S.K.: 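Here you go, one structure.
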Amino acid sequence: MALRQKVTQQLDRHRTGEAHPVIVVRAEPAWPHDPTMVLPDGRRARIEPCVSPLAVWEHLVADRDDEVLVLLTDVPESVLHHGVRSRIFRERVITVEPWDLVVDAFGAQLPDPALERESWAGVALLDAMPAAGWPKLTTAVLTRDVALRHLAAVRLGLGRRGEDPDDLDAATLLRWSAQPGGVAAYGLLREEEQDGLSRWLVEQFGRPAKALFALTAAGRGSEALPLGLVCDALWSTESAEAVRAQGRVDQYFGSLNDDATVRGFAEAAVQVVDGLLAAADADVRRQGHAVLDRAEELLVQFNAAGSAGHSSILRTGFNQRIGVAARALLGGLHDAADTALERAVEHLAEHRLAGSESVRLTRIRMAQRLVRWLDTDVAPPESVADGVDRQIAEWGWVDLALHHVWAGEDAHPELQQAFRQIHDRAQARRRELDGAFARRLGAWATAGPGNDGDLLTVENLLPRVVEPLIRADRPVLLVVLDGMSAAVAVQLADELSQHWIEYDPLARAGTGRRRSLVAAIPTLTAVCRTSLFAGALRSGSQEHEKKLFADGRWGKDSRIFHKGPARGGAGEVFAGELAAAVAGPAPVVAVVINTVDESLAHGREGDEAGWQLDDLGFLRSLLDQARSSGRAILVTSDHGHVLERGGQHVKAPDAASARHRTGPGPVAPGEIELNGPRVVADGRRIIALWDPLMRYRPSKAGYHGGASLAEVTIPLLAFLLPNVVEPPAGWAPVEARQPEWWQASAPATPLATSVTSAPAPRTRRKTPAVTGDALFDVPEATSATAAAPPAGEGDLVAALLATELFEAQHGLTPRRVDRRKIEAAMDALVDAKGVLPAAVLAQRAGEVPARATGFVNALQRIFNVDNYPVLSLTDNARTVRLDLGLLREQFRLPGGPS
């Protein structure tokens, strides 16, 4: 490459008019490569070694083809006769100076003196030059750092990984060491180039590079990353075992003997592996896990596994934190005042493997939530209305957590034990609530549908919620997820709320809450779904449901799509007929999606807890279609379900489903007799199982037909797009989505090396008991019974609005926000302890939810003085957070610093 470059350079710079000259180059008279070389302009060149003046002369007088002849000789120019020199290019022997070639290759004019002092680098840069040449510079001087950075990029193979010289840093260097064959290829370079390049890299990137090349010199360079993780564990503790292991590791570094360098190297290695584990590319993540595997092997080899429990990245450290969390979970069951559980879970979440072990962490958090729930006082339901409302507001969340904890742990015995005990205790409490609810349900079924009060039932959903929308010319997409329970709705609603605003369609007083329906009895599809579409209690089939729509019961041109007609052909997510209906003028488009119900028969729920939007057939695509059509969204079900959890098979010859029977036999434990006008069965009577751990038929993944809360409660999720300026009459944004015990009550104290610190006192959480004697009383929303704000906060907003700073900030806003709206918004945030959905905050302040983000931005301009985040938007701009402490500090309010 260097010879070709020199010949080309000479021919370009010195045009003699001869097309195929003879060029004599001073070099060793040996050429082990192909004697023919093609020049950039297409001419062929032939290289011939010449050991004497006679050999040069013989080539000059010999016949040759149309080609440039390049003669390599170490004969001094003065020895060549004048007659020889007169017949060669430029009448002189050309000397190849490496720096001339290097500088020319970079498009510069001269080398930096510091670069010239790196005598090894000239030849290295010529040898390493890419086929396309070095990149052309815009400066006249080729500096040392520019040249060596490009050289290092080639020698480390950055281009093969999609990186360039500007990406070269300590992290890149460590990642290179883990590439298969990378360190071995570096060892094949000339010794002077290895020494010079490593010296420059250490100069550039400090301790990580110094440690890496010490390992490389000792033959351990390819294990740099796992060794770095081991060093991070051993050099951050002073245990006797760790000190002994440090001595063994020191041998890998040769004569380095520099603790500061090892610590810097270890810190860099942790950062690099953390990046590998979090990478989007699966191959890169696998490489990160392979590094962890090797690090664990090295720990065993150094007899140091016991010293790595505090590591924030090694699996040993993660497993130890799991053990601490498992013991804290069990401790929380026996000592509710102990704060060790909050600290242990947060400490586990801070481990760098928490992201890749997210399923295990989620299950531990779910167990933690169940421990919190078990620490509350839970009154039994006072009525059917109370039961289904609390199922949708709280106990469905308990069911979701139970599903995750049941899914369990595959490796850690202590955690398995903790999950088992927490699940059994929480399940026992849930069964008590189901039993109490079943007794209320029995009385309610007998009383009939005339005494429901404000209670929504499956048969009055369309008359009470959908018909008002039809009358107001609001097109509706009604999605019936057959079998969806309150637990399924929890996750689905959270995901949908990232793109839609959830509403309460029956919010009379302006405070929105998530609603629920009561299923028909028995809780079977043939009864409940037909009752839903008929607007009256009855049993039927898909054909009956189609006829209701064909007869115009829910508006002219309204359509219903069941599983078969909704499915599309090849290349279609769903049927074109369904897409046209959603995009068209039909008042109601109803779509039945059977994914959840079918999973009960085929076992999907038995494998993994929880449902995501993408698990539910074509629902995501359907909602996208509704978005562009401006439809209001109602997502509901016909009944819920219970899951198979190792329950009891009760033999019953009169079983009509897995969860109800029709015979006259006596009621056994776990059963309830239901009779009256709400029972859609022969004789208006059935016997249903209320115990979720019992069934009449062979095992499946789940069941319905019974009288448990999870089967009888039907979630109702209502959504509008964020840009809807005028919601339908009576609709208000849903305010509270999570029970209080779902989140930690306060930030956990940082965990030290153990979690045995003295417990801090904790206030016992209480669920407000339901008052009132009426069977169908509907209790106040949970949010309405929230604890009062701390003393002094009642006057906080008044004091805030009276400050000079507020007046000044308010006056600086481009568009003045009404003071009454500001006062209402701040009152709402203070009452909610600083956290509210943005749509709810806007509604409380008298703004339409569609303008929520703009309204909050205006408030931020007023209250975020000097950009301090007094008010912040989180959760993809769905949630507003008020930092009360920072508010007091910035506006010098009572309770803040003076």
Side-chain angles (χ1 to χ4, degrees), residues 226 229-230 232-234 236-237 239 241-242 270 273-274 277-278 285 288-289 291-300 304-335 338-372 374 401-426 608-610 743-744 747-757 759:
L229 303 188
V230 171
D232 175 68
L234 298 182
S236 55
T237 183
S239 69
E241 180 187 77
V270 169
V273 177
D274 190 31
L277 296 173
R285 292 197 302 275
H289 285 286
V291 171
L292 289 177
D293 292 340
R294 180 54 181 156
E296 296 292 339
E297 293 173 358
L298 290 173
L299 280 175
V300 174
S307 299
H310 64 280
S311 170
S312 64
I313 193 167
L314 290 173
R315 292 200 178 97
T316 296
F318 189 74
N319 289 334
Q320 185 180 83
R321 294 188 195 193
I322 284 182
V324 172
R327 292 187 289 275
L329 284 169
L330 290 172
L333 283 177
H334 302 295
D335 182 3
D338 192 354
T339 59
L341 176 56
E342 304 288 343
R343 299 197 310 273
V345 175
E346 289 310 308
H347 193 50
L348 177 65
E350 291 166 1
H351 195 279
R352 294 171 189 264
L353 283 180
S356 58
E357 296 280 1
S358 59
V359 171
R360 298 175 81 186
L361 181 60
T362 295
R363 292 174 183 172
I364 290 170
R365 286 198 186 280
M366 292 295 184
Q368 176 190 20
R369 288 161 175 158
L370 289 177
V371 169
R372 291 197 204 110
L374 289 168
L402 280 168
H403 299 343
H404 280 273
V405 173
W406 171 270
E409 162 67 20
D410 59 357
H412 204 290
E414 284 183 294
L415 188 56
Q416 290 172 341
Q417 180 187 4
F419 281 173
R420 192 161 45 244
Q421 291 192 26
I422 292 168
H423 179 276
D424 291 349
R425 188 174 297 187
E608 189 55 67
Q743 298 295 341
T749 304
L751 191 71
T753 54
S754 67
V755 290
T756 56
S757 57

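Values in this document were obtained by computation on a predicted structure and should not be read as measured data.
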S.K.: Just verifying a value: how many Å separate Gln421 CD and Leu333 CG, rounded to the nearest 0.5 Å?
M.R.: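 Taking CD in Gln421 and CG in Leu333, the distance rounds to 6.5 Å.
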
S.K.: Taking Gly317's backbone N and O only, do any of them form a donor-acceptor pair with His310's side chain (distance below 3.5 Å, no angle check)?
M.R.: no

S.K.: Would you say the side chain of His351 lies within less than 4.5 Å of the side chain of Glu357, judging by non-hydrogen atoms?
M.R.: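 Not touching, per the 4.5 Å side-chain cut-off.
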
S.K.: Which pair of heavy atoms, one from Gly288 and one from Val273, lies closest together, and at what distance?
M.R.: O-CG1, 4.2 Å

S.K.: List the steps and the verdict of side-chain contact (heavy atoms from CB on, under 4.5 Å) for Glu296 and Val300.
M.R.: CA-CA 7 Å; Glu296 296 292 339; Val300 174; 6.0 Å; no

S.K.: Can you tell whether the side chains of Arg365 and Glu346 come within less than 4.0 Å, N to carboxylate O?
M.R.: yes

S.K.: For Asp410 versus Gln416, what's the shortest heavy-atom pair and its separation?
M.R.: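 Minimum heavy-atom contact is C-NE2, 3.8 Å.
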
S.K.: For side-chain contact (heavy atoms from CB on, under 4.5 Å), just list the numbers for His423 and Leu370, CA-CA rounded to whole Å, side-chain angles, deciding distance to a tenth of an Å, and then say yes or no.
M.R.: CA-CA 8 Å; His423 179 276; Leu370 289 177; 5.8 Å; no

S.K.: Just by modelled atom types, is the Leu234 backbone N or O under 3.5 Å from a matching donor or acceptor in the Thr237 side chain?
M.R.: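 No; judged by distance alone, with no hydrogens or angles, the pair does not exist.
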
S.K.: For a quick test of reading the model, state the closest non-hydrogen atom pair linking Glu350 to Arg321 and the distance between them.
M.R.: C-NH1, 4.1 Å

S.K.: Mind checking whether Asp293 and Arg315 have side chains closer than 4.5 Å, heavy atoms only?
M.R.: yes

S.K.: Tell me whether Arg372 is salt-bridged to Glu342, with the criterion being a basic N under 4.0 Å from an acidic carboxylate O.
M.R.: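 Yes, Arg372 and Glu342 are salt-bridged.
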
S.K.: Answer yes or no: is there a side-chain heavy-atom contact under 4.5 Å between Val270 and Arg352?
M.R.: yes

S.K.: Any idea which heavy atoms bring Gln320 and Gly309 closest together, and the distance?
M.R.: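 So the minimum-distance heavy-atom pair works out to OE1-O, 3.0 Å.
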
S.K.: Give the minimum heavy-atom separation between Val405 and Arg363, together with the two atoms involved.
M.R.: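 Between these two residues, the closest heavy atoms are CG2-O, 4.1 Å.
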
S.K.: What are the two closest heavy atoms between Ala426 and Leu374, and how far apart are they?
M.R.: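 In this case the closest contact between Ala426 and Leu374 is CA-CD2, 3.9 Å.
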
S.K.: Output the distance between atom OG (Ser312) and atom CG (Asp232), rounded to the nearest 0.5 Å.
M.R.: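 Result: 5.5 Å between the selected atoms.
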
S.K.: Atom CG in Leu299, atom OG in Ser311: separation rounded to 0.5 Å?
M.R.: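 Rounded to the nearest 0.5 Å, the CG-OG separation comes out at 8.0 Å.
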
S.K.: Rounded at 0.5 Å granularity, tell me how far CE in Met366 sits from CD1 in Ile422.
M.R.: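 One finds 13.0 Å between CE of Met366 and CD1 of Ile422.
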
S.K.: Rounded to the nearest 0.5 Å, how far does CG of Leu298 lie from CG of Leu229?
M.R.: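 If I round to the nearest 0.5 Å, the distance is 9.5 Å.
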
S.K.: Under a 4.5 Å cut-off applied to non-hydrogen side-chain atoms, are Ile364 and Gln368 in contact?
M.R.: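 SC-SC contact between Ile364 and Gln368 ruled out.
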
S.K.: Would you say Leu329 and Leu415 make side-chain contact, with heavy atoms under 4.5 Å?
M.R.: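 Leu329 reaches Leu415 side chain to side chain.
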
S.K.: How many angstroms lie between atom CG of Leu402 and atom CZ of Phe419, to the nearest 0.5 angstrom?
M.R.: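 Answer rounded to 0.5 Å: 12.0 Å.
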
S.K.: Determine, stepwise, if the pair Val324 / His347 fulfils side-chain contact (heavy atoms from CB on, under 4.5 Å).
M.R.: CA-CA 9 Å; Val324 172; His347 193 50; over 6 Å; no

